[in-house]
Amino acid sequence: MTSETITREFFERPPLVCAKEMLGCQLTWGDTAGIIVETEAYAEHGDEASHAFFRPTTRTFIKDLPPGTLYIYLNYGVHWLLNFLTKGDDLRGFVLIRALQPVAGVDLMRKRRRLEGEKMLCSGPGKLTQALGITAQWHGKDFFSVPGVRLTRNRKRPRLAIDRRIGITKSPEFEWRFFIADSEYISFKKRKPAPDP
DNA sequence: ACACGGATACTA
DNA sequence: AGTATCCGTGTC
């Protein structure tokens with residue numbers, strides 16, 4: 001099976017493009033790994049849900065650091081959330097990793113999560129960081145300089161599904177959440193289709 | 001439906 | 001220093 005390693009050029013594109021293209025890629029983090037099955041995009045400009053909209057330090061972060069830098073922060077005082085900085089020419093922002101399908105180190109994930117069920121291990125942005133052992137110690141680090149960590153594409157493009165982002169109150173209308181349509185490992189069931197008029 | 005939780009960044 | 005903010009999870 002061919003396996004292509006993702007390099008920095010991947011992230012030299014807009015967050016919407018990267019968020020879609022990361023689906024189906026394998027994220028390896030030390031002794032654990034998972035297929036990315038769900039992502040969300042956040043834009044530097046025009047997106048009120050992005051930290052860049054209300055935090056000067058996040059705008060500085062985007063300006064000063066290279067594409068592929070990890071942006072990790074604590075949410076609700078409990079969960080670390082993993083984001084990648086992406087920089088297209090004039091469209092910059094972040095991709096939030098929201099769910100993985102576990103493929104390696106599953107027993108270690110179970111131990112860290114104190115859970116047995118495989119589908120529960122990484123089916124949420126806070127769950128997957130706990131399963132992979134990700135904390136703020138990698139915040140601001142260049143993904144391509146972290147030992148034992150890599151992104152690879154080792155399967156054909158999955159069938160995409162699109163929906164609104166989850167858990168936000170600002171700019172809720174943007175359909176910037178992407179997931180693998182038939183995956184059993186996403187964080188949130190697909191919204192019911194709108195009833196016929 | 002609701003409690004839990006704390007680092008961060010911004011104000012003063 | 002003090003406080004408002006927050007892109008969730010698990011259990012009720």
Side-chain angles (χ1 to χ4, degrees), chain A residues 11 14-23 27 29 32 34 36-65 68-87 91-102 109-141 143 161-180 183-191:
Chain A
F11 292 106
L16 279 164
V17 174
C18 293
K20 291 178 213 174
E21 300 242 339
M22 288 178 85
L23 294 176
L27 173 64
W29 198 284
T32 56
I36 297 172
V37 297
E38 179 180 344
T39 60
E40 283 178 358
Y42 289 84
E44 179 183 23
H45 299 298
D47 178 8
E48 296 185 40
S50 171
H51 282 188
F53 191 84
F54 59 93
R55 283 191 183 178
T57 51
T58 302
R59 292 195 284 272
T60 305
F61 186 102
I62 294 171
K63 179 166 67 68
D64 290 348
L65 296 172
T69 301
L70 297 168
Y71 184 88
I72 301 170
Y73 72 97
L74 190 68
N75 183 251
Y76 294 108
V78 184
H79 312 287
W80 296 104
L81 268 56
L82 173 67
N83 298 260
F84 287 78
L85 175 60
T86 94
K87 301 174 82 164
L91 292 172
R92 311 188 289 190
F94 297 97
V95 175
L96 169 66
I97 309 301
R98 284 198 56 91
L100 304 175
Q101 174 179 346
M109 293 183 187
R110 287 197 179 100
K111 185 180 167 192
R112 287 170 171 160
R113 295 269 297 127
R114 301 184 179 91
L115 279 176
E116 290 299 314
E118 193 169 320
K119 287 176 186 164
M120 306 290 289
L121 291 175
C122 299
S123 56
K127 297 177 186 179
L128 71 91
T129 53
Q130 186 182 17
L132 271 53
I134 295 171
T135 67
Q137 85 180 88
W138 290 281
H139 176 62
K141 296 278 194 294
F143 179 78
I162 300 180
D163 205 340
R164 293 182 173 201
R165 296 178 293 185
I166 289 177
I168 57 168
T169 55
K170 306 281 190 168
S171 299
E173 68 279 12
F174 295 138
E175 298 198 320
W176 285 1
R177 172 173 172 253
F178 308 98
F179 54 99
I180 296 180
S183 175
E184 301 280 314
Y185 296 87
I186 65 173
S187 70
F188 208 82
K189 283 197 171 142
K190 192 164 72 166
R191 192 176 56 193

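Side-chain proximity of A/Arg55 to the nucleotides C/dG8, B/dC10, C/dC7 is greatest for B/dC10. In this structure, the nucleotide among C/dC7, C/dG8, B/dA9 sitting nearest to the side chain of A/Thr57 is B/dA9. Side chain of A/Asn83, nearest nucleotide from B/dG6, C/dC7, B/dG5: C/dC7. Across B/dA7, C/dG10, B/dG5, the shortest atom-to-atom separation from the side chain of A/Leu115 is found for C/dG10. Candidate nucleotides B/dC10, C/dT9, C/dC7 were compared by shortest atom distance to the side chain of A/Pro56, and B/dC10 ranks first.
Using a 4.0 Å heavy-atom distance criterion, A/Leu96 is classed as a base contact.
Within the shown strands, C/dT3 is the pairing partner of B/dA9 under the Watson-Crick or G-U definition, both distances less than 3.5 Å. Checking C/dT11 for Watson-Crick or G-U wobble geometry (two distances, each under 3.5 Å) identifies B/dA1 as its partner.
Between A/Lys119 and A/Glu184 a salt bridge is recorded (basic side-chain N to carboxylate O distance below 4.0 Å). The pair A/Arg177-A/Glu38 meets the salt-bridge criterion, since a charged nitrogen lies less than 4.0 angstrom from a carboxylate oxygen.
The interatomic distance linking A/Phe61 (CZ) with B/dC10 (P) rounds to 14 Å, in whole Å. Note: OH (A/Tyr73) to P (C/dT5) measures 16 Å, nearest angstrom. As a whole-Å value, the separation of A/Ile168 CD1 from C/dC6 P is 11 Å. Going from atom CZ of A/Arg164 over to atom P of C/dC7 covers 16 Å, rounded to whole Å. For the pair A/Asn75 CG and C/dT9 P, the interatomic distance rounds to 9 Å; values are reported in whole Å. What separates CZ of A/Arg114 from C1' of C/dT9 is a distance of 14 Å, to the nearest Å. Between A/Met120 atom CE and C/dT11 atom C1' the separation is 11 Å, expressed in whole Å. Between the CD atom of A/Gln130 and the P atom of B/dC4 there is a distance of 19 Å, given to the nearest Å.
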Take A/Gln130 and A/Arg112 through the side-chain hydrogen bond (donor to acceptor under 3.5 Å, both in side chains) test and state the conclusion after the steps. CA-CA 7 Å; A/Gln130 186 182 17; A/Arg112 287 170 171 160; over 6 Å; no

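In this pair, A/Tyr42 lays its aromatic ring flat on the base of C/dC7, centres within 5.5 Å and planes under 30 degrees apart.
Of the residues A/Tyr71, A/Phe84, A/Phe94, the one that meets the ring pair (Phe, Tyr, Trp, His ring centres under 6.0 Å) test with A/Phe11 is A/Phe84.
Comparing A/Gly77 and A/His139 by the nucleotide of DNA chain B that holds the closest heavy atom to each, the one mapping nearer the 5' end is A/Gly77.
At a threshold of 4.5 Å between non-hydrogen side-chain atoms, the residues A/Phe179 and A/Asp163 count as touching.
When the side-chain nitrogen and oxygen atoms of A/Arg113 are compared with OP1 and OP2 of C/dG10, one or more of them lie within a distance under 4.0 Å. In this model, the phosphate group of C/dC6 is not approached by any side-chain N or O of A/Lys170 to a distance below 4.0 Å at OP1 or OP2.
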